[in-house]
2 protein chains.
Amino acid sequence: MNTQVQLFKALGDETRLRVLLLLLRHTELCVCDLEAALDMPQSTVSRHLAVLRNANLVEGERRGVWMYYRLNRKYGISKAIFKCLKKYCLTLEQASADTHRLNEFLKTKNVETCSKGTGKQEDSQ
Amino acid sequence: MNTQVQLFKALGDETRLRVLLLLLRHTELCVCDLEAALDMPQSTVSRHLAVLRNANLVEGERRGVWMYYRLNRKYGISKAIFKCLKKYCLTLEQASADTHRLNEFLKTKNVETCSKGTGKQEDSQ
DNA sequence: TTGACACATCCTAATATGCGGATATATTGA
DNA sequence: TCAATATATCCGCATATTAGGATGTGTCAA
């Protein structure tokens, strides 16, 4: 399919827009961060990231077991789109709730393991 | 649905992108012009125009029997998108063929009726 | 008010997309 | 090599989107 069409198709989904808005604020995030921020199962998050990757909107870098995703600013059109998102979409209804969930998660995140389910809230013993 | 998502959904379709690119070059076009340019049936063209209208990307104005469509530049985000399209999408594969078909049609277009099927090519007798 | 024309909407089948559990793959440390 | 963890992909199902013919609506002229 045409590159530009693919790009806009990728943007035309609320979940993926939420991912991009999170990456606008946080420069880079791993999949488990996004799981927490979006409150969605891992397979769903990963699938959306694949769509964004294929549209050249994000790029991933593996560091150890983690995949860190950031915005892909290599292309003029994607840079233009990010500007547009920053200016007109950061007010997206879900965006602030996502950021809040993300920050909560980052606070209690175990750096060794993603600590899903067994956050630090309970390991003070 | 969220306004911004709806906007990008509308952009994420090759036919609709082709319509917007035509309107970037021609300021305003009626449905039968677009039928000719896209080489698609009227109902299909009309449906896509409805999607673009609902996304605030185009606006229509009735003049007599005709509906003239043009880009809707009332909103910051749509203006930004049009700039983006102009800069990065006018090279879309189909775009030049569409413009060519449109120009051919406009040459032979009967101003009274849309002259579908009975173009001027055959009425020189 | 009737007919012709431009356009919009409805209807149904085909296709695409989204979801999330299950499973596969990759990396690391033991 | 094996187990544990993070991520990617597969699969089946549900829903959304698309196409285009048929039909409805609005406008104009006679």
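In what follows, chains are A, B, ... by sequence order, proteins preceding strands, each numbered from 1. All figures in this text were calculated on a predicted structure; none of them were measured in a lab.
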List for me each residue that meets side-chain contact (heavy atoms from CB on, under 4.5 Å) alongside [X], sequence neighbours excluded, and say none if there are none.
X	value
A:Thr99	A:Leu22, A:Arg25, A:His26, A:Asn103
B:Ala10	B:Arg16, B:Val51, B:Leu52, B:Ala55, B:Leu57
B:Lys79	B:Arg73
A:Ser96	none

In whole angstrom, what separates [X]'s [atom1] from [N]'s [atom2]?
X	N	atom1	atom2	result
B:Arg18	D:dA19	CZ	P	10 Å
A:Met67	C:dT25	CE	C1'	13 Å
B:Leu29	C:dA6	CG	P	16 Å
B:Glu35	C:dA6	CD	P	9 Å
A:Glu61	C:dT27	CD	C1'	15 Å
A:Trp66	D:dA4	CH2	P	17 Å
B:Asp39	D:dG20	CG	C1'	13 Å
B:Tyr68	C:dA8	OH	P	13 Å

Worksheet item: For A:Tyr69 and D:dA6, is the shortest distance between a side-chain N/O and OP1 or OP2 below 4.0 Å?
Response: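 For A:Tyr69, the contact criterion (side-chain N or O under 4.0 Å from OP1 or OP2 of D:dA6) is not met.
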Discussion item. Taking A:Val45's backbone N and O only, do any of them form a donor-acceptor pair with A:Glu35's side chain (distance below 3.5 Å, no angle check)?
Written reply: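 No; judged by distance alone, with no hydrogens or angles, the pair does not exist.
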Item to complete: Check the pair A:Lys107, A:Glu104 against salt bridge (Lys or Arg N to Asp or Glu O under 4.0 Å), reporting the backbone distance first and the verdict last.
Response: CA-CA 5 Å; A:Lys107 270 191 228 167; A:Glu104 288 304 301; 3.0 Å; yes
Worksheet entry | Audit row: A:Asp13, B:Lys9, salt bridge (Lys or Arg N to Asp or Glu O under 4.0 Å) steps and yes/no | CA-CA 7 Å; A:Asp13 175 276; B:Lys9 261 193 163 60; 5.3 Å; no
Discussion item. Just to verify, which of B:Arg53, B:Glu61, B:Glu28, B:Glu59 counts as forming a side chain to side chain donor-acceptor pair (under 3.5 Å) with B:Tyr69?
Written reply: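 Single side chain to side chain donor-acceptor pair (under 3.5 Å) partner of B:Tyr69 among B:Arg53, B:Glu61, B:Glu28, B:Glu59: B:Arg53.
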Fill in: Gap between atom OG1 of B:Thr27 and atom CG of B:Leu71 - 0.5 Å precision
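B:Leu71 CG to B:Thr27 OG1: 9.0 Å, rounded to 0.5 Å.
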Distances for protein N/O vs nucleotides 22-30 of chain D N/O pairs under 3.5 angstrom?
none

Enumerate the protein-to-nucleotides 12-19 of chain C contacts in which both atoms are nitrogen or oxygen and the separation is below 3.5 Å.
| residue | atom | partner | partner atom | Å |
| --- | --- | --- | --- | --- |
| C:dG18 | OP1 | A:Asp13 | OD2 | 3.3 |
| C:dG18 | OP1 | A:Arg16 | NH1 | 3.2 |
| C:dG18 | OP1 | A:Arg16 | NH2 | 2.8 |
| C:dC19 | OP2 | A:His48 | NE2 | 2.4 |

